[in-house]
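For the single chain, residues carry numbers from 1 onward in sequence order. Nothing here was measured: the structure is a model prediction, and the numbers come from that model.
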Amino acid sequence: MHAYFDNAATTPLDPEVLEAMMPFLSQHYGNPSSLHGPGRQVRAALENARKTVAHLLGAAPAEIAFTSGGTEADNAAIFGSVRALGLRHAVTSPLEHHAVLHPVQALAKAGTVALSYVRHDAQGRLDLAHLDELLATNPRTLVSLMHGNNEIGNLNDIEAIGALCARHNAIFHTDTVQTMGHYRHDVRALQNHFLVGAAHKFHGPKGVGFLYTRPGTAVEPFMHGGSQERNVRAGTENVYGIVGLAKALEIAYRDMAAHRAHVQGLKDRFIGQLRARVADVQFNGCSADADQSLYTVLSVSLPPSAISEMLLFNLDISKIAASGGSACTSGAQAGSHVLEALGGDADRATVRFSLSKMNTAEEVDYAVAQLAKLYQPVAA
């Protein structure tokens with residue numbers, strides 16, 4: 001059996017999405033900036049995709065700019081807002097994805113902003129009272145806090161964070177890469193200035209994403225060289241990718257309730273079986289709490305063992321694909337900055353199982369059985 005449990009890294013392409021993309025890979029090849037017929041035909045498809053994404057988010061089409069993915073969208077929001085608005089202070093947390101941490105740290109190193117980190121507890125829950133204190137003494141701050149953590153699955157209350165930012169006149173950017181397509185985002189209700197998406201996290205193609213920008217929020221272009229994407233991002237658009245992104249998000253919203261019930265059921269099955277069959281199993285952050293974590297992510301902490309360093313290798317030999325930490329550093333030797341910030345035990349192995357609508361109960365049972373062989377089972 002093959003079991004793919006690395007969906008937080010990337011998801012399989014939905015066949016419906018591939019079908020929507022195919023005409024723009026084979027027949028409709030015009031440049032959307034060209035004024036002739038083939039160009040106009042592709043331009044129409046591009047703008048229809050923009051309308052689809054905007055409609056699903058409760059936004060206007062002009063508020064959506066397509067990018068090469070979530071990392072570029074995060075960078076565009078962070079650098080673009082700091083430069084355009086003259087912001088001198090940024091707030092984030094040590095638990096953010098490197099697509100956020102590295103840009104704000106680069107700005108701090110250059111002396112452009114002073115950088116503060118919101119405190120968190122041992123489970124990774126943010127201290128919003130501390131955020132309130134930071135904002136009270138630093139007006140016109142850029143706040144960048146994610147919705148769902150890609151490693152431990154914690155969900156942050158972006159409604160409450162947005163309200164705090166609004167009270168202190170702060171600019172709020174939230175990385176929604178892990179929750180886009182899995183939770184509904186209505187920008188009319190949220191008080192965020194930026195949110196982002198990456199198609200390959202919700203069964204779309206790799207190499208394409210988008211940035212939502214609230215009307216009236218000034219940003220400097222992150223990419224220069226052309227007037228594409230309403231002067232937000234220069235360069236010829238990845239039209240077939242954008243068409244695929246819009247179709248994938250449309251499918252995700254259409255089937256969200258059924259997919260959520262299915263995936264949450266698989267996650268609950270995973271947790272129950274691991275507790276029953278693996279001694280001293282623990283779960284990182286709020287990963288095992290259905291109310292406080294992504295239903296797609298389960299971060300498992302396993303007891304100290306001689307096989308800990310080879311855990312992912314052993315799973316791979318058993319044809320189980322999983323991750324030891326953040327998707328963007330899979331295979332790297334560096335430890336997880338998220339687990340380190342939580343004070344994790346270096347002697348315990350961590351494996352992240354991330355699920356999608358395409359996983360099955362049989363795959364869950366198989367993965368648990370393989371882990372039970374590697375670790376001492378609970379005594380009868």
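- Residue F210 is tested with R233, M180, E72, R50 for a side-chain contact (heavy atoms from CB on, under 4.5 Å); the sole match is M180.
- The two residues G241 and P205 come nearest to each other via the heavy atoms O-CG, 3.6 Å.
- Defined by atom type and a distance below 3.5 Å, a donor-acceptor pair is missing between the side-chain atoms of H193 and T217.
- One hydrophobic cluster, built from ILVMFWY side chains closer than 4.5 Å, holds both L190 and L249.
- Counting all heavy atoms, side chain and backbone alike, A170 lies closest to L135 at CB-CD2, 4.1 Å.
- Under the 3.5 Å distance criterion, with hydrogens and angles disregarded, no donor-acceptor pair is assigned to the side chains of H147 and T174.
- Although no hydrogens or angles enter the test, the distance criterion places a donor-acceptor pair under 3.5 Å between the side chain of K267 and the main chain of S287.
- E96 contributes a side-chain N or O that, together with a main-chain N or O of M146, makes up a donor-acceptor pair within less than 3.5 Å.
- V208 and Y212 fall within the same hydrophobic cluster, defined by Ile, Leu, Val, Met, Phe, Trp and Tyr side-chain heavy atoms under 4.5 Å apart, directly or through other members.
- Taking the six-membered ring where the residue is Trp, H98 and H337 present parallel rings, their angle staying beneath 30° rather than reaching 60°.
- Nearest heavy-atom pair across G285 and I152 is CA-CD1, 4.1 Å.
- Side-chain contact annotation: S336 with E151, donor-acceptor N/O pair under 3.5 Å present.
- Using bins of under 30°, 30° to 60° and over 60° for the plane-to-plane angle, the ring pair Y183/Y295 lands in the tilted bin.
- The CD1 atom of I317 lies 12.0 Å from the CG atom of L312; values are rounded to the nearest 0.5 Å.
- Note: the hydrophobic cluster containing L145 does not contain L101 (ILVMFWY, side chain heavy atoms under 4.5 Å, direct or indirect links).
- The number of heavy atoms from other shown groups lying within 6.0 Å of NE2 (H55) does not exceed 12.
- In summary, the side chains of T179 and H185 do present a donor paired with an acceptor at a separation below 3.5 Å, with no hydrogens or angles considered.
- Summarising the geometry, atom CD belonging to Q292 is positioned 10.5 Å from atom CG belonging to N156; distances are rounded to the nearest 0.5 Å.
- With 3.5 Å as the limit, one finds a donor-acceptor pair spanning the side chains of S301 and R348.
- Residue H262 holds its NE2 atom at 12.0 Å from CG of D255, rounded to the nearest 0.5 Å.
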For this session: Kindly indicate, with the supporting measurements, whether the criterion side-chain contact (heavy atoms from CB on, under 4.5 Å) is fulfilled by F202 and I251.
Result: CA-CA 9 Å; F202 47 88; I251 294 168; over 6 Å; no
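- In this structure, the side chain of R88 engages the main chain of T112 through a donor-acceptor pair within 3.5 Å.
- Linking Ile, Leu, Val, Met, Phe, Trp and Tyr residues whenever their side-chain heavy atoms come within less than 4.5 Å places V53 and V187 in a single cluster.
- Atom CG of L46 sits about 10.0 Å away from atom CD of Q228, to the nearest 0.5 Å.
- In this structure a side-chain-to-backbone donor-acceptor pair under 3.5 Å is present from S26 to M22.
- Annotation: Y240, atom OH; neighbour count of heavy atoms from other residues, nucleotides and ligands within 6.0 Å does not exceed 12.
- Side-chain polar atoms of N7 and N359 form a donor-acceptor pair below 3.5 angstrom.
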Problem set entry | Stepwise side-chain hydrogen bond (donor to acceptor under 3.5 Å, both in side chains) check, N138 with H168 | CA-CA 9 Å; N138 295 277; H168 295 289; over 6 Å; no
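- There is a side-chain donor-acceptor pair under 3.5 Å between S116 and H89.
- Between K247 and E19 there is no salt bridge, since none of the side-chain N atoms of the basic residue sits less than 4.0 Å from a carboxylate O of the acidic one.
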For this session: For side-chain contact (heavy atoms from CB on, under 4.5 Å), just list the numbers for T213 and L211, CA-CA rounded to whole Å, side-chain angles, deciding distance to a tenth of an Å, and then say yes or no.
Result: CA-CA 6 Å; T213 303; L211 172 66; 3.8 Å; yes
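- A side-chain contact (heavy atoms from CB on, under 4.5 Å) with S93 is found for one member of V143, L126, N149, V338 and no other, namely L126.
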Exercise. Can you list the steps and then say if V17 with H203 is a side-chain contact (heavy atoms from CB on, under 4.5 Å)?
Worked result: CA-CA 8 Å; V17 174; H203 303 283; 5.5 Å; no
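- Taking the six-membered ring for Trp, H259 and H182 have ring centres at least 6.0 Å apart.
- With T11 contributing its side chain and H200 its backbone, the two residues share a donor-acceptor pair below 3.5 Å.
- Aromatic pair F270/F5: centroids less than 6.0 angstrom apart.
- F66 and V177 fall into different hydrophobic clusters, where Ile, Leu, Val, Met, Phe, Trp and Tyr are joined by side-chain heavy atoms under 4.5 Å apart, directly or via other members.
- Counting only N and O atoms by type, the side chains of D175 and H97 include no donor and acceptor under 3.5 Å apart.
- Side chain of T92 to backbone of S144: a donor-acceptor contact under 3.5 angstrom is found.
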For this session: Might you work through the side-chain contact (heavy atoms from CB on, under 4.5 Å) test for F283 and D289, ending with a clear yes or no?
Result: CA-CA 9 Å; F283 302 96; D289 187 325; over 6 Å; no
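- Contact record, R140 with I171: NH1-CD1, 3.8 Å, taken as the closest heavy-atom pair.
- Contact annotation: the side chain of V281 approaches that of L302 to within less than 4.5 Å [non-hydrogen atoms, C-beta and beyond].
- Minimum heavy-atom separation, L13 to G204: CD1-C, 3.4 Å.
- A distance-only check finds a donor-acceptor pair linking the side chain of E63 to the backbone of A60 [under 3.5 Å].
- Under a 3.5 Å cut-off, the side chain of S293 and the backbone N or O of A290 do not form any donor-acceptor pair.
- Taking the charged nitrogens against the carboxylate oxygens, R43 and E47 do have a contact shorter than 4.0 Å, which makes a salt bridge.
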For this session: Kindly indicate, with the supporting measurements, whether the criterion side-chain hydrogen bond (donor to acceptor under 3.5 Å, both in side chains) is fulfilled by Q123 and N154.
Result: CA-CA 9 Å; Q123 283 70 51; N154 284 26; over 6 Å; no
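- One N or O on the side chain of R40 and one on the backbone of L35 form a donor-acceptor pair closer than 3.5 Å.
- A salt bridge does not link E363 with R269: every distance from a Lys NZ or Arg NE/NH1/NH2 to an Asp or Glu carboxylate oxygen is 4.0 Å or more.
- Of the possible polar contacts, none joining the R167 side chain to the A136 backbone as a donor-acceptor pair under 3.5 Å is found.
- Within 6.0 Å of the CD atom in Q27, the count of heavy atoms belonging to other residues, nucleotides or ligands exceeds 12.
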